[in-house]
J.: 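Supplied in structure tokens, the structure appears directly below.
Side chains included, hydrogens not; waters and symmetry mates left out as well; all remaining heavy atoms used. Counting begins at 1 with the first residue of the sequence.
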Amino acid sequence: MERLDSFRTFKIRRMLKPDMDFISRYQKQFDFLHHNPLSDEAVAQIMTFGEFWGVFDKGRCVSCTCIFPQSTPFFAGSAAAWQLRDMWEKIPEEMQVCGYLWVEKRYEPLNFFRAAAKLWTARREENGARELVYMHPAHIDIPMGGLFREDFLLEGLRGLDNLVPHWIFVKKECSGNKPVRQEEKICPASDTKTVSKLCEHGYVGRAVDEKNNILFRR
């Protein structure tokens with residue numbers, strides 16, 4: 001395996017129709033889930049209503065994500081959207097949905113998640129949206145610290161389409177400055193049952209410690 005140097009530079013750019021081979025590769029990364037929301041129809045709608053973005057290492061796509069309005073038809077009618085409405089009563093009209101972030105295995109994902117969070121935030125501001133939501137399959141490891149450091153908050157852990165469990169992260173305007181009551185709980189990320197209960201009772205995940213425990217506050 002090629003050794004990756006510490007000073008390697010990557011190019012991040014929007015992917016368009018000539019990049020469909022890369023997008024198809026990204027799409028297939030989630031076929032192992034009981035339900036892959038990135039169907040051919042979903043990809044076509046994201047190309048129309050949203051954006052695909054890739055990270056390139058010497059011309060090869062090594063990471064990919066997407067972002068699209070919550071009103072995009074394939075998402076608006078999904079079980080995932082229903083779960084969000086159940087959590088919040090109403091999905092914010094200006095909310096943007098961040099698509100799964102895929103990172104090629106030999107790359108350290110933490111920095112990619114931080115970069116993706118910055119990209120999503122920049123695109124939200126460019127598109128005039130107020131909130132972001134990122135839903136990540138619980139079956140796939142995730143460096144939560146990369147999202148927490150960019151002011152994403154863990155607001156839920158729920159089974160979405162075909163009951164595939166997902167971490168639900170939200171970033172609101174000025175969410176990092178929102179005052180909170182100092183009621184704290186610490187829970188291992190592996191204890192998904194307790195994490196889900198904490199979120200249902202109004203606790204919000206805000207940070208992780210060195211042992212991968214999630215710090216919750218409400």
J.: Can you find a pair of side-chain heavy atoms, one from Leu84 and one from Ile168, that are under 4.5 Å apart?
T.: yes
J.: Less than 4.5 Å apart, any side-chain heavy atom of Leu198 and any of Cys187?
T.: yes
J.: State which residues pass side chain to side chain donor-acceptor pair (under 3.5 Å) with Glu131; sequence neighbours excluded, sorted by chain then number.
T.: none
J.: To the nearest 0.5 Å, how far apart are CZ in Arg217 and CD in Glu184?
T.: 4.5 Å
J.: Do other residues, nucleotides or ligands put more than 12 heavy atoms under 6.0 Å from Arg14 CZ?
T.: yes
J.: Would you give the length of the straight line joining atom CD of Gln83 to atom OG of Ser78, rounded to the nearest 0.5 angstrom?
T.: 10.0 Å
J.: Atom OG1 of Thr9 and atom CG of Asp57: how far apart are they, to the nearest 0.5 Å?
T.: 8.0 Å
J.: Given 3.5 Å as the limit, does a donor-acceptor pair link the side chain of Thr65 with the main chain of Gly99, or not?
T.: yes
J.: Ignoring hydrogens and angles, tell me if any N or O in the side chain of Asp191 forms a donor-acceptor pair with the backbone of Thr194 under 3.5 Å.
T.: yes
J.: Scan side-chain atoms only and decide if Ser63 and Trp53 contain a donor-acceptor pair under the 3.5 Å cut-off.
T.: no
J.: Have a look at Thr121 and tell me which of Lys171, Glu150, Glu126 forms a side chain to side chain donor-acceptor pair (under 3.5 Å) with it.
T.: Lys171
J.: Which side-chain N or O atoms in residues 19-26 pair as donor and acceptor under 3.5 Å with protein atoms at least two apart or in another chain?
T.:
| from | atom 1 | to | atom 2 | distance (Å) |
| --- | --- | --- | --- | --- |
| Asp19 | OD1 | Arg13 | NH1 | 3.4 |
| Asp19 | OD1 | Arg13 | NH2 | 3.0 |
| Asp19 | OD2 | Arg13 | NH1 | 3.0 |
| Asp19 | OD2 | Leu16 | N | 3.0 |
| Ser24 | OG | Met20 | O | 2.9 |
| Arg25 | NH1 | Cys61 | O | 2.9 |
| Arg25 | NH2 | Glu104 | OE1 | 2.9 |
| Tyr26 | OH | Tyr100 | O | 2.5 |

J.: Stepwise, does the side chain to side chain contact (heavy atoms under 4.5 Å, CB included) test hold for Phe169 with Leu132?
T.: CA-CA 8 Å; Phe169 295 88; Leu132 293 169; over 6 Å; no
J.: Give me each pair satisfying ring-ring contact (aromatic ring centres under 6.0 Å, His included) with a member in residues 192-218, each pair once, sequence neighbours excluded.
T.: none
J.: Counting N and O atoms only, with roles assigned by atom type, does the side chain of Thr72 sit under 3.5 Å from a partner on the main chain of Phe75, one being a donor and the other an acceptor?
T.: no
J.: How close do Ala81 and Ala76 get, counting heavy atoms only, and between which atoms?
T.: CB-O, 3.7 Å
J.: Determine, stepwise, if the pair Glu200 / Arg158 fulfils salt bridge (Lys or Arg N to Asp or Glu O under 4.0 Å).
T.: CA-CA 10 Å; Glu200 294 294 334; Arg158 291 192 172 204; 3.1 Å; yes
J.: Consider only side-chain heavy atoms of I, L, V, M, F, W and Y, link residues closer than 4.5 Å, and tell whether Leu110 and Ile12 are in one cluster.
T.: no
J.: At their closest point, which heavy atom of Phe148 faces which heavy atom of Ala207, and how far apart are they?
T.: CD1-CA, 3.5 Å
J.: May I ask you to decide if Val164's main-chain N or O and His166's side chain share a donor-acceptor pair within less than 3.5 Å?
T.: yes
J.: Please determine, by modelled atom types, if Gln96 and Arg124 share a side-chain donor-acceptor pair under 3.5 angstrom.
T.: no
J.: Counting N and O atoms only, with roles assigned by atom type, does the side chain of Asn127 sit under 3.5 Å from a partner on the main chain of Ala129, one being a donor and the other an acceptor?
T.: no
J.: What is the distance from atom CZ of Arg123 to atom SG of Cys66, rounded to the nearest 0.5 Å?
T.: 13.0 Å
J.: Please tell me whether Val103 and Val62 are part of a single hydrophobic cluster in this structure, the criterion being side-chain heavy atoms less than 4.5 Å apart.
T.: yes
J.: Please walk me through it: do Val133 and Cys98 pass side chain to side chain contact (heavy atoms under 4.5 Å, CB included)?
T.: CA-CA 6 Å; Val133 63; Cys98 310; over 6 Å; no
J.: Identify the heavy atoms of Ala189 and Trp167 that sit nearest to each other, and give their distance.
T.: O-CH2, 3.4 Å
J.: May I have the list of side-chain donor-acceptor pairs in residues 135-142 shorter than 3.5 Å, sequence neighbours left out?
T.:
| from | atom 1 | to | atom 2 | distance (Å) |
| --- | --- | --- | --- | --- |
| His136 | ND1 | Tyr134 | OH | 2.7 |
| His136 | NE2 | Ile140 | O | 3.1 |

J.: Check for me whether the distance between the ring centres of Phe74 and Phe68 falls short of 6.0 Å.
T.: yes
J.: Calculate, to the nearest 0.5 Å, the distance between atoms CD and CG belonging to Gln29 and Leu38 respectively.
T.: 10.5 Å
J.: Please name all residues satisfying side chain to side chain contact (heavy atoms under 4.5 Å, CB included) with Trp82, sequence neighbours left out, ordered by chain then number.
T.: Arg85, Asp86
J.: Report yes if the side chains of Phe49 and Pro73 come closer than 4.5 Å at any heavy-atom pair, otherwise no.
T.: yes
J.: Go through the steps to decide whether Gln45 and Glu41 satisfy the test side chain to side chain contact (heavy atoms under 4.5 Å, CB included), and finish with yes or no.
T.: CA-CA 6 Å; Gln45 290 184 20; Glu41 179 62 24; 2.9 Å; yes
J.: Specify the closest pair of heavy atoms between Ala117 and Leu147, including all atoms of both residues, with the distance to one decimal.
T.: CB-CD2, 4.2 Å
J.: Starting from the C-alpha separation in whole Å, work towards a yes-or-no answer on side chain to side chain contact (heavy atoms under 4.5 Å, CB included) for Phe10 and Phe56.
T.: CA-CA 6 Å; Phe10 299 90; Phe56 291 81; over 6 Å; no
J.: For the CZ atom of Arg149 and the NZ atom of Lys118, what is their distance to the nearest 0.5 Å?
T.: 11.0 Å
J.: When you check the side-chain N and O atoms of Gln27 and Asp40, is any donor under 3.5 Å from an acceptor?
T.: yes
J.: State, with a plain yes or no, whether a side-chain heavy atom of Met95 is found less than 4.5 Å away from one of Trp88.
T.: yes
J.: Using the test side chain to side chain donor-acceptor pair (under 3.5 Å), find all partners of Lys185 that sit at least two apart in sequence or belong to another chain.
T.: none
J.: Using every non-hydrogen atom in the two residues, find where Leu215 and Ile186 come nearest and quote the distance to one decimal.
T.: CD1-CG1, 4.1 Å
J.: Considering non-hydrogen atoms only, spot the tightest contact between Arg218 and Gly202 and give its length.
T.: CB-O, 3.2 Å
